[in-house]
Every structure is written in structure tokens, then in C-alpha cells.
Amino acid sequence: MRLPHLSLTSREIGWIALLGCSAASCGDKAPAPSPQAPAAESPAAPLTAPSEGTWLTEVTDASGLTFRHVAGPTEQRCTTQMLGSGIAFLDYDNDGDQDLYLMHAGSDPTRGVDREGAENALYRNEGNGQLTEQPGALGLVGKSYGIAAAVGDVHNDGYPDVFLTNFGPNQLFANRKGERFEDVSRDSGDLPGRFSASAAFLDYDRDGHLDLYVIQYVYFKPSQRCFDQADRLDFCGPTTFDPESDILLHNLGDGTFEDVSEAAGLNSAAAAGLGVVVRDFNDDGWPDVFVANDTYENHLWINQQDGTFVDDAVVLGVAFNMHGQHEAGMGVLSEDFDNDGLYDLFMTHLTRETNTFYRNIGPGMGFADATGQSGLGTPSKTYTGFGTAPLDLELDGDLDLVVVNGRVTRGEVEPPFDMPDPWCFYAERNLVFVNAGGAQFEPRSEPDFGRLREVSRAVAVADWDNDGDTDVAVGNIDSRARLYRNDSPRRGKWLRVVVRDPRLKRYAIGAKTKLTCGERSWIRTVSRAYSYLTSNDPRLLFGVPDEAAGGKASLEVEWPDGLVETFDVPGFDREITVLRGEGKAR
């Protein structure tokens, strides 16, 4: 039975991608311009001119990155295809360089088949600006419709493992000393999941073993068909299906996991979740979980310190926007954008909504929607944002933003683009926002990062070339992945910090740090999970303006088990490693 015609408003159905038949192909409608022809600019958002050249330089070809995402056949218009697939930075061989892992979708969810030749890819960072694809991804291959990647040292053996979420069974891969990966899903206990999105490693019970929070999207039925108002076959939006509740997997410390979702209280709420970020939002020393939900109110799960969580999103002001409306939440991150010592929240949303900035107004006081004041509202309203990441582009001490975009409703084709039919009708360019101080953002036109229009989804960040600033990788639907080197003009010094617990042989995920230089200070939390479907560099990178870098500096670390230590910082423009137990305890 055919469904009724669907409304095109985001409030009624969330995002819907109108991929109906068209007499014109992408190439017929809008061919990509020649190198001599100027690229057509979208009139959607006011942008500043690039006053100092290219800040994010594309090095995809120069680095040897050749990955091109495969979304699978589009004839059935499956909702899974519109989510895209994940990417991850990880140092899988512990040589000090961040390697790059990229996922395919590449199967037909209507038939439940395997990849049909589209294998995930692992690129080794050679440390000289070159990436080398590893044969067979060293065993790190997916067997289902690939969605997201999460990285964490499950076994506390010093090597990062990888968890893949899928439409279909999720998978866990053990890192065998940087030489290969082994699929240990069957031996890892309960790894439930039907249509999972982002995932995050965290130590929610502070026992020293990394647990897993796995976002669930909807009870998707591949046989379901939806149609738009022109009676064309259409992607179904999230509210066409029943929502799911998320999953919490407790690491038992022996390489196995137990599903504790019901005992933790997560079954009390269901939504179409997409993005996740973990922070200690109420400053009690225990990790909390924020989930960005698609067309449902957001969830902020506050850790009760006894294995249970309570959703306080409404109480703390982040369930809805300032108008009391839920939005189509995709990507999410939490950082201190105004340098007041408190973690704020930023989320990407659907066109006609805004990307939303929630300012933290004080410990225990919650958040206020400050989107308008931040300058992030108007430039984003005509874009559909997915992945987003924080980075201090010019090392001036203020965190800037990148946002990658791609429509979920059919639009006009705008050159230049690089993807096949029908994805060019959904292509948008990506955005950069420069923090002018105090979380006041200005959009910046980028000749490389904002040049092509693609259907971008995942964005991950790392100091890929180890030169002291943050670089960017972008995953696109049915198009090439792209790598951008940060060439921004430097207005300060840098400090890269490795925070490790030698007892656990791994990064201290969840450790809270505070760098102090004279009267200035900056906070960061050791984390890999933020943005959308991605895993990021766990090393902390601080930008320190020149005027603050001359005096004595120190780093305070609050370890996940509550111990607080202070470490002297011997100088800047370097990497330092801080180890639990070697600082001055408070």
C-alpha cells in the first residue's frame, strides 16, 4: 500500500531527500566549469573574502588519498544511503602519526547483501606528507552497510581497536600490535544493533575499561516506500519509522561487553539519534552523554554515579531551541568557545533551521540558545549541516569551526561538483567560521575547502602532519574523500599534549585538562568522539596567542578517577606527554 503524500516541512517529517526521476541528468543540468571558468557561488550565505589566501589547502591528490565512497544502488531510495559513512583518524601502529580509515556503504540494504567489492580502506601515514593504502585494510573490513567508526583501546594493551556501526550487525576489531586487525565481534559478548549511527567510547563507571555508547536511529524497513508531492519515489524521513532507544555496552574487562541499556535507564526514551558527544556537563567528575536527535528532542544523559543515567536535556535547556522546537540534529560537539572555563554545545541542522549554539551559563545552571548572538545562525539557515569540528585555525587561542553540508531535499544543481546522478542535486559547499573572540563567529570564504559542492557528511580532525595545527578530512557520499592541510597564518604558539595513564597503557579518555599561561587559560577534554560518524585525534592541541606565551605555563589534569595533578609546561611549539602519577597532586 502506498503511503500518503509527505509534507516537505522539516517540522512534520524531518529530513526527506527528494530523489525523484528527472529528465535531466547532473551533467545535462549543470556541467562542471572548466579550470578557466569561475565557480558559481551560492547566494545562500554572506561570506567574507579570503584576505590571506588559502587557509585550508586541499592535499588529497598530493597525499596519495584515492578513496572514493560507494553508496550502493539508489533505485530504491533507501534512507540508509542519505546518512553517509564514517571516517576515523587513529595511530594504529603507534608510530606517532595519525593514520586514516574510511568506510563504504556499498551494499543494497533492500536485499541484505554484502559489500559487492566496496571495501573499507586504511591508509598508513608515512610521516612525510604521504598516505599509503594498506592491503585489505589489514583485516579492518566491514560486512554490513557501513555507517560509523569509533576508536578506543578496549583491551588496555596500548593499541587502538575499532568499533564499526552498521545497518546490520555492528562489529568490533581488535588491533593485533599494529600489524593486523581481527574481527572479534562473535567473541565480544552482546553487540546489539540494527540501524546504528555514531558511537562513543567512554568509561562511564570509572573502572578503567572503555565502555561503548551506541546511537540507534530508527526501526528501518527497507521494503517501505515513500513518495513526494509529485508522486515520485522518495527517501523516507525518520518519522516514517518507529524511533529506537540507544545502547550502552559495559566493558567487563576481559574483552567482552554486556548490554546494560535497560539497567542504565536508556530505554526510557526513544528517538532517531545521529550525533553523540561525551563530557562532564555538570562538573561532578563523571562522564555524561549528549545525543543530537533527528526531528526529536535531544537527550542529555546525566551520569548518576551508580550505573544509571537521567535525561536532563529539558531541565538544562538543550532539548529544544529558543523557540521550544525540536530540530533535525546531525553533528554535535562540545567545547569552550568563549574561553570562560565551561563547555558549550554546537549542533548542525536541516536547511530552514539554523545550526544551533548553546552557551553554558554556569555549573548546574544549564545552557542558553545563543545562536543569534554567535553569528552562526543566519549563514547556516540555507544549508543542511552534518559533520562539524572545532579547531584553532590560526593559533590565536579561540576555537574556530568547520561545518560540512549536503542537502537532504532536492535542489538546483550548482557547479562545480564531483559526484554522479542523482547526488549532484543535493550538493552544497562546506563552511568555515572564524571565532573573533568570545564565541563571536564570522564566516570565511575558503578557495579550497569551500570550492566544490558535494554531499558531505563526516568530518574528522587531527594534526595529520604533526606541524602543530589541526588538519581536516571530509567524507562525501558517492564521491572522493578529501584531505585539507591547515596553512592558516599563525598568530600564536602551539602545544600538543598526549595525556596517558601508564597503568592502562592508553590515552586517558575523559581526562579534563586546563592550560594556564599567566592570566589566560584554556580547557580541553581527551576525547575521540564528536562531529558525526567519526573518530578524531585524541591528542590535545592548544593555540596560545603570542602575548600570552611568554610567561610560566602549567597544565592541570583531572584524571577520570578523580585524581588532580599539575604539570609544568617547559615551552611551546612542541609536544609533551603527561603521565598519571608523575605530576604534582592536589
Side-chain angles (χ1 to χ4, degrees), residues 200 202-206 211 213 246 248 264-266 268-269 271 273 275-293 296-327 329 332-347 356-374 376 390 399 438-439 508-516 520-527 529-530 556-566 586:
L202 75 162
D203 186 4
Y204 79 93
D205 55 356
R206 306 201 322 184
D211 313 298
Y213 192 101
D246 295 334
L248 181 63
L266 301 187
S268 63
V276 62
V277 65
V278 179
R279 289 289 185 273
D280 179 8
F281 287 106
N282 61 350
D283 201 29
D284 65 352
W286 292 71
D288 311 303
V289 181
F290 181 88
V291 180
N293 291 318
Y296 292 82
E297 63 186 70
N298 301 315
H299 294 150
L300 178 49
W301 295 102
I302 299 298
N303 194 329
Q304 302 299 297
Q305 307 180 21
D306 59 1
T308 67
F309 291 80
V310 172
D311 181 14
D312 275 349
V314 173
V315 174
L316 296 176
V318 291
F320 309 100
N321 65 14
M322 68 173 68
H323 305 295
Q325 299 169 324
H326 53 65
E327 296 179 293
V332 61
L333 52 89
S334 181
E335 297 291 347
D336 180 12
F337 288 102
D338 52 4
N339 288 333
D340 65 353
L342 302 168
Y343 284 108
D344 309 303
L345 276 164
F346 175 73
M347 273 155 280
T356 304
F357 176 71
Y358 294 94
R359 189 187 302 274
N360 192 328
I361 58 177
M365 298 176 64
F367 298 79
D369 184 343
T371 305
Q373 301 95 303
S374 71
L376 293 167
L399 285 174
I509 299 298
K512 296 183 290 186
T513 69
K514 181 179 180 181
L515 173 66
T516 299
R520 300 285 301 275
S521 62
W522 299 266
I523 63 171
R524 302 281 192 275
T525 289
V526 182
S527 174
Y530 50 87
E556 181 181 277
V557 180
E558 182 179 345
W559 300 93
D561 62 0
L563 175 68
V564 178
E565 294 182 295
T566 301
R586 189 175 72 188

Any pair with a residue in residues 356-373 that passes salt bridge (Lys or Arg N to Asp or Glu O under 4.0 Å), sequence neighbours left out, goes on the list, sorted by first then second residue, please. Asp338-Arg359
What residues, two or more places apart in sequence or in another chain, satisfy salt bridge (charged side-chain N to carboxylate O under 4.0 Å, His left out) together with Glu565? none
Pair Tyr213, Asp246: side-chain N/O donor-acceptor within cut-off below 3.5 Å: yes
Quick one: salt bridge (charged side-chain N to carboxylate O under 4.0 Å, His left out) partners of Arg206, sequence neighbours excluded? none
Ignoring hydrogens, what is the shortest heavy-atom contact between Ser268 and Gly265? Give both atom names and the distance. OG-O, 2.8 Å
Go through the structure and list residues passing side-chain contact (heavy atoms from CB on, under 4.5 Å) with Ala508, not counting sequence neighbours. Val499, Ala511, Trp559, Pro560
Determine the minimum heavy-atom distance between Ser521 and Thr516, stating which atoms define it. CB-OG1, 3.8 Å
For Trp301, what residues pass the ring pair (Phe, Tyr, Trp, His ring centres under 6.0 Å) criterion, not counting sequence neighbours? His299
What verdict does the side chain to side chain contact (heavy atoms under 4.5 Å, CB included) test give for Leu316 and Ile302, after you've listed the backbone C-alpha separation in whole Å, the side-chain angles of each residue and the deciding distance to 0.1 Å? CA-CA 10 Å; Leu316 296 176; Ile302 299 298; 4.2 Å; yes
Minimum heavy-atom distance between Phe309 and Pro287, given as atom pair plus value: CE2-O, 3.9 Å
What is the minimum heavy-atom distance between Glu335 and Pro390, and which atoms define it? CG-CG, 3.7 Å
Sorted by chain and number, sequence neighbours left out, side-chain contact (heavy atoms from CB on, under 4.5 Å) with Glu297 holds for Val314, Ala319, Phe320
Could you list the residues that satisfy side-chain contact (heavy atoms from CB on, under 4.5 Å) with Asp283, not counting sequence neighbours? Asp280, Lys512
Got a second to check how far Asn321's CG is from Asn298's CG, nearest 0.5 Å? 9.5 Å
Among residues at least two apart in sequence or on other chains, which ones pass side-chain contact (heavy atoms from CB on, under 4.5 Å) with Ser374? Phe357, Leu376, Phe441
Using the side chain to side chain donor-acceptor pair (under 3.5 Å) criterion, which residues pair with Thr308? Sequence neighbours excluded. Asp306
All side chain to side chain donor-acceptor pair (under 3.5 Å) counterparts of Asp340, not counting sequence neighbours: none
Does Asp312 have any salt bridge (charged side-chain N to carboxylate O under 4.0 Å, His left out) partners at least two apart in sequence or in another chain, and if so, which? none
Dump the intermediate steps for side chain to side chain contact (heavy atoms under 4.5 Å, CB included) on Asn339 and Arg520, then the final yes or no. CA-CA 9 Å; Asn339 288 333; Arg520 300 285 301 275; 4.3 Å; yes
Here the pair of heavy atoms bringing Asp288 nearest to Asn303 is OD1-N, 2.8 Å
Working note: Gln304 + Val310, criterion side chain to side chain contact (heavy atoms under 4.5 Å, CB included); need CA distance, chi angles, decisive distance, verdict. CA-CA 7 Å; Gln304 302 299 297; Val310 172; 3.7 Å; yes
Nearest heavy-atom neighbours spanning Glu558 and Gly285: OE2-CA, 3.8 Å
Excluding sequence neighbours, so at least two apart, what forms side chain to side chain donor-acceptor pair (under 3.5 Å) with Tyr343? Thr525
